[in-house]
There are 2 protein chains.
Amino acid sequence: MAEEKREQKRSGKTGGDRVAAICTALRRAIIERALSPGDRLPEDSLGERFGVSRTIARSALGQLAAEGLVDLRRNRIAVVAVPSFEDARDIFDIRVDLERQVVRHLAGKLTEAQVKQLTAIVEAEHQARHCAEGISIRLATEFHVRLAEMTGKPVLIRYVTEICYRAGLSLAVFSRPHSSECAVNEHLELIEAIRTGPADKACALMDEHLEAVASRALLQSSGARSRDLMDILAPYTE
Amino acid sequence: MAEEKREQKRSGKTGGDRVAAICTALRRAIIERALSPGDRLPEDSLGERFGVSRTIARSALGQLAAEGLVDLRRNRIAVVAVPSFEDARDIFDIRVDLERQVVRHLAGKLTEAQVKQLTAIVEAEHQARHCAEGISIRLATEFHVRLAEMTGKPVLIRYVTEICYRAGLSLAVFSRPHSSECAVNEHLELIEAIRTGPADKACALMDEHLEAVASRALLQSSGARSRDLMDILAPYTE
DNA sequence: CATACAAAATATGTATGCACTTTTGCCCGT
DNA sequence: ACGGGCAAAAGTGCATACATATTTTGTATG
């Protein structure tokens, strides 16, 4: 028992955790807005689509529900979660705290390779800016997740990642298209501040950035685009 | 199959979620230290114990793994998680931020009934102090969870609850017996500060309290009681 | 023509069976 | 005795079957 052997047999065939694969796919579909809040996720369909049984699909849904991305009610079809306005506000409040910790741990300690990696993401973000809305949003999220990963702290990574995805989902509910796209410049400034600046300065910038993202979406949108079919169709009823 | 239907007969068949029931039971067993970090949790045994099939037990384990209380590795028996020292530190760092938010939202806004409810918990904590170590720890955790619940913010409640349980588990690994028991007085002071005091004052007290709990355990223990069998047995190898 | 109601179609909840993996423990060669 | 290896036991991974719950569809009726 003195030694641990790496059992990395996960290539394609069996073994590679299929539940995790489905979770990853769904997370991405959600963050890219291929799936919208409220969209139905029947176990059968998922299983068929991913070539697994309901058992696996169900397990993946359970996992995503634990992450707050999916709403799971007894005997009911799972749906992509629909965060309330209050949820969105709370999610961003927590996000600010968590990411401040990330910045504090990283300030002045980024390696050259890390800076390059982050810059590459922002670059991709910039390129996807006009053609692919969904991709752009995913990359913006990935920027923050990567940042967290650079702390090397598993617990922090996990919570930041989860809260970032939930924030992205919240924005899908409350933000108008394109409202968060000026974030590209802010991301570049963040990299610079974290690389060079003192921790306090960098933290402040991150706070500012996140508050800006939240404000652009949460405050501007006059209290949520009501997803209720009745309200949506109101203007069309003659 | 054994003909035993020992429990779980609530509301006939449609039973309130049995997975959740098992999760609750296990969480409590862990926080009360009836289960220790590293203890094995075979699906069969759990299923038999709770009168359900492996399917349900497995699902519960998945849920707890998502909460960081259980370690789940492929083809291996699930075990109660064993947080590393770094994990424990990170968990407490995050906890401080989250609970500061709780206090900020609650400061000066506690109702009479809420104060009474909290006081009752601390009272029970005090009584359990000498006879039942596990119960005392659970009540201390419950105090913080209840506090979070009083914000009425589902997202915050969820994260605080989870992090409190993980913190409790961490203490099970790193703290010596009885090291966190003077917390009773601190809890009483907290109630008072939140009830009357300004938000900043109350937040500071909460920070202080949590840092104290963490310090008593994490710093005092000379760098973690290494759970590695090799190190543990070092003094015994004659 | 709108509504109520019944029944098919659809989906979830859970147990169980089988294949595969890990662990345990025994047996044998040295 | 001691260690190595092999086979049984124990445990997980996953699909499937069946019971139950929900949703939709179809139809009869006031």
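Protein chains get the first letters and strands the later ones, always in sequence-line order, with residue 1 at the start of each. Please read all numbers here as calculations on a predicted model, not as lab measurements.
The closest donor-acceptor contact from the side chain of B:D39 to the backbone of B:S36 lies under 3.5 Å.
Residue A:N75 has its side chain nearest to C:dT12 when only C:dA15, D:dT12, C:dT12 are considered. Considering only the side chain of A:I56, D:dA15 comes nearest among C:dT14, D:dA15, C:dA11.
Checking the phosphate oxygens (OP1, OP2) of D:dT12, no side-chain nitrogen or oxygen of B:R58 falls inside 4.0 Å. Distances shown here put every side-chain N or O of B:R76 at or beyond 4.0 Å from the OP1 or OP2 atom of D:dG13. One finds a side-chain N or O of B:S53 lying less than 4.0 angstrom from the OP1 or OP2 phosphate oxygen of C:dA15. Residue B:R74 has no polar side-chain atom (N or O) positioned under 4.0 Å from OP1 or OP2 of C:dT21.
By the side chain to side chain donor-acceptor pair (under 3.5 Å) test, A:E32 pairs with A:R28, A:R138, sequence neighbours left out.
At its two ends the helix from C:dC1-D:dG30 to C:dT30-D:dA1 runs along axes set 0° apart, each axis drawn from five pairs and the angle rounded to 10°.
When the P atom of D:dT12 is taken as reference, atom CZ of A:R18 falls 18 Å away, rounded to whole Å. Whole-Å rounding puts the B:L41 CG to D:dG11 P distance at 12 Å. Rounded to whole Å, atom C1' of C:dT12 lies 6 Å from atom CZ of A:R54.
Put simply, CD on B:E99 and SG on B:C164 are 4.5 Å apart, with the number rounded to the nearest 0.5 Å.
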Name each donor-acceptor pair under 3.5 Å that joins a side chain in residues 147-155 of chain B to protein atoms two or more places apart or in another chain, with its distance.
| residue | atom | partner | partner atom | Å |
| --- | --- | --- | --- | --- |
| B:T151 | OG1 | B:A148 | O | 2.6 |
| B:T151 | OG1 | B:K153 | N | 3.2 |
| B:K153 | NZ | A:D90 | OD1 | 3.1 |

